[in-house]
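Accompanying notes for the structure given below.
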Amino acid sequence: MPEITGPARVRFAPSPTGHVHLGSARTALYDYLLAKQTGGQFILRIEDTDRKRYVEGAEEELMTSLRWLGIEWDEGPDIGGPYGPYRQSERKDIYLKYAQQLVESGHAYYCFCTPHKLEQVHQEQQQRKESYHYDGTCRALDPKEAAARAASGEPHVIRFKTPKTGTTIVKDQLRGEIAIENSQIDDYVLVKSDGWALYHLAAMVDDHEMKITHVIRGSEWLPTFPLHSLIIRAFGWQEPTWVHLSVFLKPSGKGKMSKREATDLIKDGYSIFLKDLEGLGYLPEAVVNWVALMGWSYDGSTEFFTMPDLVEKFSLDRLNPSPAAINFTKLDHFNGLHIRNLDTNDLASRLVPFFEKEGFAVDFDKLVKIIPILQVRIATLDEAPQMAGFFFRNKVKPELEDLIAKGLTATESAAIAERCLRELRTLDDISPEKAEPHMREVVEAMGYSAGQVFGIMRVAITGQKVSPPLFESMEIIGKDTVFKRLEKAITQLRQAL
RNA sequence: GCCCCCAUCGUCUAGCGGCCCAGGACGUGGCCCUCUCAAGGCCAAAACCGGGAUUCGAAUUCCCGUGGGGGCACCA
């Protein structure tokens with residue numbers, strides 16, 4: 001990590017316009033990792049200068065989602081900090097002051113063109129198949145005169161005075177130097193006619209005032225990256241280290257996910273929104289691990305990482321600049337890995353809401369006993385109720401056809417069930433240590449296969465064809481219930497004759 | 001249309017001139033284990049976008065194509 005010499009101050013600066021998605025989550029994660037690794041600060045800043053786009057509750061959801069992931073900020077709108085306020089809507093005057101400074105130094109100018117006029121210009125440009133840009137009318141105005149008009153209250157915006165000629169060279173940490181002709185950079189609006197600053201100005205000002213050392217953001221900022229650099233240079237400030245992350249593509253790899261596609265995903269049990277993932281049965285540990293590896297690698301072979309691992313091992317120079325398709329089946333894999341990494345009580349606690357959601361009254365002590373045989377069998381938490389719900393049910397309702405073992409008749413199956421019940425009753429207890437060896441002898445004596453006999457017992461006792469191991473399950477369910485369920489199955493089989 | 005970025009198995013990636021007839025992981029197929037399902041173990045199929053150039057030697061460097069992505073607002 002050659003570039004990092006001291007504690008990094010890194011900011012995550014979302015606008016509160018919707019749900020937090022995987023792309024933002026990854027950016028926030030990398031921000032956080034870099035800050036923690038260097039002993040610096042992770043700052044949360046809300047970019048809400050556009051009041052029209054503000055979504056009620058988005059800021060709260062954002063914080064909840066970040067905290068769910070295990071990302072805590074050192075400075076932010078809710079906890080404050082030495083460089084606040086951390087909400088751009090509360091910093092309006094600061095931006096105005098800096099914009100003024102730019103006008104005075106000749107790096108920006110007042111523009112009185114009306115939206116209507118601009119619309120016309122743009123249409124003409126479109127007809128001539130030219131690219132969309134400001135025609136420069138007000139750039140030629142006398143600064144004194146313009147200042148007077150602005151002071152008199154004439155509606156205006158403030159535009160950046162981009163150099164007409166020359167080339168701007170900027171440096172991205174992942175891609176190296178990027179050169180662009182200044183003629184390609186428009187005279188962007190810095191301050192709107194309502195007095196609110198735009199991202200281009202606000203973010204640069206905040207990053208400077210908040211002493212940000214590394215800016216990690218999405219590659220959608222690459223086209224305006226030179227402009228940002230130019231603004232910073234106009235102020236004479238020092239530039240941060242720039243890191244532009246690639247975008248996430250939909251699973252097919254063909255383009256970004258549309259709003260519609262994102263919504264439809266949930267039908268398959270997946271989502272790109274953090275707020276959905278918890279309910280879908282994903283562990284924040286798994287999401288962090290998975291998302292960290294989309295665009296970053298450690299050594300090309302190690303893949304299991306916890307948050308502390310990542311804090312220790314993350315590095316900017318192992319970031320990959322190419323776009324990555326989201327692979328949800330790999331999330332399932334990581335989730336399984338992290339579920340198996342949880343200790344018993346922890347997993348049990350996390351499982352409780354999923355059982356309750358399915359209407360089960362959970363006996364926590366019993367759930368703890370189930371964990372060892374359930375843990376390796378679920379990839380997501382929401383699979384637990386259907387795999388292990390029978391432990392908490394009073395009655396199970398096996399399908400008749402499932403009670404009849406493969407290749408056998410109902411009569412034979414009933415006889416087997418009766419024999420099993422009789423044999424189990426001779427035992428002091430039905431612990432796996434006692435019951436399994438005994439039942440295997442019985443199976444042998446009867447001349448059937450273990451699969452046939454245990455299959456009948458499984459269906460009778462759990463009501464399912466697929467379940468955790470039979471004998472371990474029986475012990476947890478308890479002798480009385482096991483016998484009762486076997487009796488019922490026998491009756492069910494007899495009645496079918 | 002203009003500008004910018006990217007390009008290794010289906011997907012995520014390792015590779016930063018010879019160690020590569022390309023390694024790991026997910027997924028897929030097979031086998032083993034096995035009371036079902038998992039987990040685990042073993043094996044297999046599967047990729048350097050195309051063309052030039054540099055070099056004794058290129059997946060790795062440079063051009064040109066092509067493909068993909070992103071951006072072109074008084075949004076962020």
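A note on names: the letters A, B, ... follow the listed sequences, proteins ahead of strands, and every chain is numbered from 1.
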Please determine, by modelled atom types, if [X] and [Y] share a side-chain donor-acceptor pair under 3.5 angstrom.
| X | Y | result |
| --- | --- | --- |
| T168(A) | N182(A) | yes |
| Y95(A) | Q100(A) | no |
| T329(A) | N327(A) | yes |
| K117(A) | T137(A) | yes |

With a 3.5 angstrom cut-off on both distances, give the Watson-Crick or G-U wobble partner of [N], or none if there isn't one.
| N | result |
| --- | --- |
| U36(B) | none |
| C2(B) | G71(B) |
| C9(B) | none |
| C19(B) | none |
| C42(B) | G30(B) |
| U55(B) | none |

Classify [X] by what it touches in the nucleic acid, base, sugar-phosphate, or nothing, heavy-atom distance under 4.0 Å.
| X | answer |
| --- | --- |
| P468(A) | base |
| N327(A) | base |
| G336(A) | nothing |
| I178(A) | sugar-phosphate |
| P226(A) | nothing |
| T49(A) | sugar-phosphate |
| R175(A) | sugar-phosphate |
| E303(A) | base |
| G218(A) | nothing |

Rounded distance in Å between the [atom1] positions of [N] and [M]:
| N | M | atom1 | result |
| --- | --- | --- | --- |
| C21(B) | C48(B) | P | 14 Å |
| U55(B) | U13(B) | P | 35 Å |
| A44(B) | U61(B) | C1' | 36 Å |
| C64(B) | G24(B) | C1' | 34 Å |
| G71(B) | C75(B) | C1' | 13 Å |
| A7(B) | C12(B) | C1' | 15 Å |
| G51(B) | A58(B) | P | 14 Å |
| A47(B) | A14(B) | C1' | 13 Å |

Closest non-hydrogen atom pair, D186(A) against Y134(A): OD1-N, 2.9 Å
Least distance between heavy atoms, S297(A) atom then R318(A) atom: O-NE, 3.0 Å
Given [options], identify the nucleotide with an atom nearest to the side chain of [X].
| X | options | result |
| --- | --- | --- |
| V157(A) | A76(B), A25(B), C74(B) | C74(B) |
| K330(A) | C74(B), A25(B), A38(B) | A25(B) |
| S297(A) | A76(B), U13(B), C35(B) | U13(B) |
| E472(A) | C35(B), C74(B), U13(B) | C35(B) |
| V376(A) | C74(B), C3(B), A39(B) | A39(B) |
| S15(A) | A76(B), A25(B), C74(B) | A76(B) |
| L198(A) | C74(B), C35(B), G24(B) | C74(B) |
| K256(A) | C26(B), G70(B), G40(B) | G70(B) |
| W221(A) | A76(B), C26(B), C4(B) | A76(B) |
| M387(A) | G40(B), C37(B), C74(B) | C37(B) |

Phosphate OP1/OP2 of G15(B): any R318(A) side-chain N/O under 4.0 Å: yes
C37(B) OP1/OP2 closer than 4.0 Å to side-chain N/O of K465(A): no
[X] [atom1] - [N] [atom2] separation (whole Å):
| X | N | atom1 | atom2 | result |
| --- | --- | --- | --- | --- |
| Y298(A) | A14(B) | OH | P | 15 Å |
| M257(A) | G68(B) | CE | P | 19 Å |
| I185(A) | C4(B) | CD1 | P | 11 Å |
| L337(A) | A39(B) | CG | P | 10 Å |
| W290(A) | G27(B) | CH2 | C1' | 15 Å |
| L230(A) | C3(B) | CG | P | 19 Å |
| Y199(A) | C72(B) | OH | P | 13 Å |
| R217(A) | G71(B) | CZ | P | 13 Å |

Worked check of side-chain hydrogen bond (donor to acceptor under 3.5 Å, both in side chains) between S89(A) and D48(A): CA-CA 6 Å; S89(A) 58; D48(A) 56 351; 2.8 Å; yes
Please produce a list of atom pairs where a protein N or O lies less than 3.5 Å from an N or O of nucleotides 7-9 of chain B.
none

Contact nearer the 5' end of RNA chain B, comparing S219(A) with D186(A): S219(A)
5'-most by nearest nucleotide on RNA chain B - S193(A) or R26(A): R26(A)
Test applied, ring pair (Phe, Tyr, Trp, His ring centres under 6.0 Å); reference residue, F355(A); option that passes from F392(A), F391(A), F390(A): F392(A)
Result of checking F334(A), Y270(A), F328(A) against W290(A) for ring pair (Phe, Tyr, Trp, His ring centres under 6.0 Å): F328(A)
Matching residue for Y110(A) among V157(A), L141(A), I158(A) - test: side chain to side chain contact (heavy atoms under 4.5 Å, CB included): I158(A)
Salt bridge present between E59(A) and R45(A) (N-O < 4.0 angstrom): no
Basic-acidic side-chain contact under 4.0 Å: R377(A), E383(A): no
Quiz item: R458(A) side-chain donor-acceptor pair to C35(B) base, under 3.5 Å: yes
